[in-house]
Amino acid sequence: MNEQTLITAQIILTSPEEALKLLGAGDVNLRRMRERTPVRITARGDTISLSGADAAQVAAAERMVKDALGLVRSGSEVTPEAVDRISNLGGEGRSLSAETSGAPTLPRGLRPKTPGQSVYLEKIERSDITFGIGPAGTGKTYLAVAMAVNALKAKKVKRIILTRPAVEAGEKLGFLPGDLQAKIDPYLRPLYDALYDMLDQEKFESYLTSGVIEVAPLAFMRGRAQPLNTQVLTPLGWREMGSLEVGDHVIGSDGQPTRMLGVYPQGEKDSYRVTFSDGSNVLCCEEHLWTVSTPSDKRRGKPGRVLETRQMIGNLKSAHQFRYEIPVLSAPAQMAAQPVPLDPYALGLLLGDGCTTCTTTPSFATADTELAQALEAALNPAQTAPVMALAHKGGYDYTLRHTAGGRGGLRIANPVTTALRELKLDGKTSPQKFVPEVYKNNTPEVRLAVLQGLLDTDGGPVTQAGRTSRIQYSSTSAQLAADVTELVQSLGGTARLHVRAAEGRQPGLANGLTVVHRHDAHILDIRLPAHIQPFRLTRKAQRYTASRADRNGGGRPMRHIVSIKKVGREPMQCIRVAAADALYVTEQYIVTHNTLNDAFVILDEAQNTTGEQMKMFLTRMGFSSKVVVTGDVTQIDLPRHITSGLAISKRVLGEIEGIAWHEFTDVDVVRHPLVGKIIRAYEALENAEADRQAARRGDLKSISENDQVGPDSR
């Protein structure tokens, strides 16, 4: 080679460390660069020199070295495989360092190694749902996990959920040895490995224990269910879980109706009874979700967390106090208005201190003249002439008479008697009284008025040294006590019941005479939200308001989980609602959770999902969540007659805005160089087979056309 015709170039390095990272241990990267170009490359100290007879070749080699140096300076690792990718892209006039420089920052200094990976990360960053499809070794899952950890550390999400279908075992893991964790570990190991690379082991174990990270087979993600006969609150009252359909409305945690977006039958599952500090309880599966707050969360001003039922078992107490508090209704449940035959406040007063047997004229007994006047006013709307009058019989007794009754020899039905019969309250003595359904399933105004009437007669504020103010209610009717509990809960309050048995109780006195208790007393300890005024009777209202002011608001309604017990096995169903917090109201006005909010969810090996599984998974996505689905459609392990859910998704969801699709190729393979060659070889074989089949179909079509030619034409 004539020295005078050589084209040369030089690249100056900034430090020995930079040189080592660029050239590799034992100059392994330098040797690979020399293999990729005919240009001579030498390294002396802080200088890389290039020389060759062809200016274009020297320029290409210079781009290759500078591109590799760009990766070093951006914090990425340069390997012989990276040199190969740099060289291949350089042949297309592209730069690896330039095309990966705009990718999001990842944990532990990780960076994308190919332009395809960089684009993939950018799509995950800006899209709510991202599908990453391509061959093994392209970093689909690893990079998705890295983005999930990144989002968790940046507090963009509150939890990470990693899942994959365990198709190799037919999703029947019971025959495998070991406990559940040992059974599923082989299928989830790639996810664990990625997490171990990005988190300290202690932090990873802590996240797993606390539920911040959940790793489970897809079959175990279908839970979060309740039995089919569980009651769920709707604007028209209670309905069984099994009767709900997509498009129905249920009541959310704010008391407002929220639309049902999904219904997912779960088959039979183990049933657990979750009991709360006010005595309420509900059944659910062990994967069912709950929004909870702990004392630690409150001290640090943190919002509630979402935990599964099974994550709280055996961990319900902290320093002798219950650990997990669930939310109560933040506002009264809004149910549809229904006509009622009797003023709701008047009904409450009569249920408390009235005689409703209807064997005689209805009567009312009270020592408070104010209550007698209030009852008469409630029975006579202001816009009409008085119809009912309270006639004082003496002492505490009043009768409710029709103002026109008995005149002119006419017998006119008493409106109160008529209403009581319509409500099925006639003939009911004190231990048999109840609140009719039409009043319990009505507007907040109606429900509060009934409650006020009951509390003005048989309830009252309770103040006790060292304790927060509360309300106490007592009745000899177990059903009436249960109905009062329901009214309180529907307004966002709580009520705890205890029973004082009649037997053995100290007799009372009435008019100087001893009165023996013949019925048990059902006593409720009630707490209501600050904006609810439970009394109309002046003396009780003033005392209640003063006691709450003295105690800075008094006791607020609270529900803590006090026990979780397995009780059997039954058919279940889970639902998804449109409420922003994914909460809905189940029986006894318990606020529960059923969707994956504030989560980064990754479905790996998605080619092995069925269409039903994929639909279930995607429709479980909650608000402020991000979903990444990865898979390789050439590696489907499903039975031949079942179409992959990943393939179906591409056809059904391909044009939906907010869903991003990214296809990796053999160029993006970041494993051993042979992996890319193997993938290309198999692709060539599959393409050749496809061509042969197409040719064969063409030949068969020609034969078929010839067979259709008539005998005359032959």
Side-chain angles (χ1 to χ4, degrees), residues 75-77 103-113 117 120-121 123-125 129-132 134 136-166 168 173 178-221 287 289 305-308 310-311 596-606 608-609 617 620-622 624-632 662 664 670-671:
S76 297
E77 180 186 6
T105 304
L106 299 176
R108 303 281 173 95
L110 294 172
R111 295 193 62 80
K113 295 183 177 180
Q117 289 187 345
Y120 177 55
L121 294 179
K123 289 181 178 179
I124 294 176
E125 181 79 10
I129 299 179
T130 303
F131 284 80
T138 51
K140 304 183 299 294
T141 304
Y142 193 88
L143 291 174
V145 173
M147 289 291 284
V149 172
N150 218 35
L152 182 65
K153 289 184 173 180
K155 301 187 183 303
K156 294 180 180 178
V157 297
K158 296 178 182 176
R159 62 197 307 234
I160 297 173
I161 300 173
L162 309 176
T163 184
R164 66 190 307 185
E168 295 88 341
L173 305 175
D179 59 13
L180 175 62
Q181 199 64 42
K183 295 173 191 292
I184 65 177
D185 266 355
Y187 305 100
L188 307 176
R189 180 51 51 188
L191 301 176
Y192 282 114
D193 291 343
L195 287 168
Y196 275 124
D197 280 352
M198 294 164 213
L199 294 169
D200 296 331
Q201 182 172 351
E202 184 177 344
K203 178 65 74 175
F204 176 49
E205 298 294 341
S206 170
Y207 282 160
L208 277 181
T209 302
S210 64
V212 174
I213 293 179
E214 176 184 351
V215 185
L218 184 61
F220 288 82
M221 269 198 66
E287 298 93 5
L289 297 173
R305 63 185 73 180
V306 179
L307 296 179
E308 294 181 359
R310 61 184 172 186
Q311 291 175 311
L596 305 174
N597 280 3
D598 302 307
F600 198 118
V601 191
I602 299 173
L603 172 58
D604 190 32
E605 299 289 346
N608 290 327
T609 63
F617 172 79
R620 292 299 304 279
M621 178 185 181
S624 302
S625 293
K626 195 174 286 288
V627 171
V628 178
V629 180
T630 67
D632 180 1
H662 184 76
F664 291 91
V670 292
R671 293 181 182 170

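These numbers come from the heavy atoms of this one structure, side chains and all, not from hydrogens, waters or symmetry mates. Keep in mind it's a predicted model, so treat the numbers as computed, not measured.
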Should I213 and R159 be marked as a side-chain contact (heavy atoms from CB on, under 4.5 Å) after you check the CA-CA gap, both sets of side-chain angles, and the distance that decides it?
CA-CA 6 Å; I213 293 179; R159 62 197 307 234; over 6 Å; no
With side-chain contact (heavy atoms from CB on, under 4.5 Å) as the criterion, how do F600 and V628 come out once you've worked through the C-alpha distance, each side chain's angles and the decisive distance to 0.1 Å?
CA-CA 8 Å; F600 198 118; V628 178; 3.7 Å; yes
Decide side-chain contact (heavy atoms from CB on, under 4.5 Å) for L307 and L289; before the verdict, give the C-alpha distance in whole Å, the side-chain angles of both, and the deciding distance to 0.1 Å.
CA-CA 6 Å; L307 296 179; L289 297 173; over 6 Å; no
Assess the residue pair T630 and Y120 against the criterion (side-chain contact (heavy atoms from CB on, under 4.5 Å)); give the C-alpha distance rounded to whole Å, side-chain angles, the decisive distance to 0.1 Å, and a yes or no.
CA-CA 11 Å; T630 67; Y120 177 55; 3.4 Å; yes
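A606 and V629 make their closest contact through CB-CG1, 3.3 Å (heavy atoms, listed as atom of the first residue, atom of the second, distance). Closest non-hydrogen pair, A146 versus M198, comes out as CA-SD, 3.2 Å. Scanning both residues, I124 and A144, for their nearest heavy atoms gives CD1-CA, 4.4 Å. Nearest heavy-atom pair across D632 and A136 is OD2-N, 3.9 Å.
The NE2 atom of H662 sits 5.5 Å away from atom NZ of K123, with the distance rounded to the nearest 0.5 Å. From L199, atom CG reaches atom NZ of K153 across 5.5 Å, with rounding to the nearest 0.5 Å. Residue L143 holds its CG atom at 11.5 Å from CG of N150, rounded to the nearest 0.5 Å. Atom NZ in K158 sits 12.0 Å away from atom CG in L152 (nearest 0.5 Å). One distance of note links CG of D200 with OG of S206; it measures 11.0 Å at 0.5 Å rounding.
The pair K156-E125 counts as a salt bridge, with a side-chain nitrogen and a carboxylate oxygen less than 4.0 angstrom apart.
Proximity of a side-chain donor or acceptor of K626 to a complementary backbone N or O of V601 within less than 3.5 Å is not detected. Under the 3.5 Å distance criterion, the side-chain polar atoms of T163 are left unmatched by any main-chain donor or acceptor of L603. A donor-acceptor pair is defined here as one N or O able to donate and one able to accept, closer than 3.5 Å; no such pair exists between the side chain of E205 and the backbone of E202. Between the side chain of Q117 and the main chain of T138, a donor-acceptor pair closer than 3.5 Å is present. Panel note: side chain Y196, backbone Q201; no donor-acceptor pair is recorded below 3.5 Å.
Between V145 and the choices D197, D604, L195, the side-chain contact (heavy atoms from CB on, under 4.5 Å) rule is met once, by L195.
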